[in-house]
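Remarks on the structure that follows.
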Amino acid sequence: MLQPPRSQENDKILMDALIALQTRVSAPRVKAPAPDRQTLEQIFKAAFRTADHGLLKPWRFLVIQGQSLQRFADLFAAAVLADKPDSTETDISSIRNKALRAPLVVVGIACPKAAPKVPESEQLLSAGGALQNMLTAAFALGVGAIWRTGPMATHPVVMQGLGLQPGESIIGFVYMGTVDGTLRPLVDEPVDAHVQDW
Ligand SMILES: Cc1cc2nc3c(=O)[nH]c(=O)nc-3n(C[C@H](O)[C@H](O)[C@H](O)COP(=O)(O)O)c2cc1C
């Protein structure tokens with residue numbers, strides 16, 4: 001059975017987790033190499049530890065990298081052409097470049113289950129938590145990541161092309177890779193600004 005780490009050495013790991021939680025920032029620009037399989041597994045294991053009412057696991061993920069990125073870009077292009085058949089080459093290459101802006105994309109999919117005591121809204125929150133855990137784990141592991149959505153996340157051409165089933169939705173594209181450039185410096189958030197005693 002998995003137990004939270006308790007050793008002296010692992011106490012340091014717990015402290016590192018807090019630092020990651022409190023200092024995580026997105027990496028708007030990432031480049032190759034993508035995280036390797038082992039690193040990605042660590043990131044997914046963190047995702048799976050999101051809070052989950054009823055233990056329904058109302059999420060799944062697609063990993064897109066290598067040759068599949070071109071097919072992903074094709075889907076974005078097809079979506080734009082479906083909306084605007086007279087799109088210019090510039091429009092098409094602009095949307096393709098969005099799909100190709102990272103060496104690896106994780107598609108986060110919410111898949112709510114029929115559960116009388118767990119409303120769909122809670123299941124969506126759980127799936128969102130999974131993606132947030134993924135971002136924090138990536139940051140802790142030195143992987144650049146950013147959660148994006150935009151019109152492609154709800155476009156029927158993209159949803160169908162990625163194999164979404166009825167009731168499922170894309171909650172985010174997490175673009176991952178090696179940080180390119182410098183990360184945004186953090187401004188200290190005073191706790192009192194957002195928290196009140198009641
Ligand atoms: C559901 C969701 C969708 C988002 N979609 C986009 C997006 O399409 N484009 C974007 O630039 N940022 C998007 N963001 C915000 C970024 O992921 C990021 O959180 C934001 O730029 C603030 O940076 P930080 O994470 O470093 O604080 C989204 C965030 C969430 C939670």
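Residue indices begin at 1 and follow the sequence shown. Order of appearance sets the numbers: ligands from 1, and atoms from 1 within every ligand.
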Option whose closest heavy atom lies nearest to [atom], chosen from [options]:
atom                    : options          : value
atom 7 (C) of ligand 1  : T149, L131, V25  : T149
atom 24 (P) of ligand 1 : M152, R148, R184 : R184
atom 30 (C) of ligand 1 : W147, F173, Y175 : W147

Do [X] and [Y] have side chains that approach each other closer than 4.5 Å (heavy atoms only, starting at C-beta)?
X    : Y    : result
V106 : M176 : yes
W147 : Y175 : no
E168 : R60  : yes
L69  : V105 : yes
L104 : I64  : no
D91  : T88  : yes

_Please list the nearest protein heavy atom to atom 25 (O) of ligand 1 with its residue and the distance rounded to 0.1 Å._
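Heavy-atom neighbour on the protein nearest atom 25 (O) of ligand 1: S26 OG, 2.5 Å.
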
_Proximity flag G172 to ligand 1, non-hydrogen atoms under 4.0 Å_ =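 No, G172 has no heavy atoms under 4.0 Å from ligand 1.
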
*Measuring from the heavy atoms of Q132, does anything fall under 4.0 Å of ligand 1?*
no

*Does the protein put a heavy atom less than 4.0 Å from atom 19 (O) of ligand 1?*
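Given the 4.0 Å cut-off, atom 19 (O) of ligand 1 counts as touching protein heavy atoms.
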
*Measure I146 to ligand 1 on non-hydrogen atoms and call it side chain, backbone, both or neither using the 4.0 Å cut-off.*
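Side chain only; the backbone of I146 stays clear of ligand 1.
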
_Show me which atoms of ligand 1 lie under 4.0 Å from any heavy atom of G150._
8 (O)

*Is it true that the NZ or CZ of R148 lies under 6.0 Å from the centre of F173's six-membered ring and within 45 degrees of the ring axis?*
no

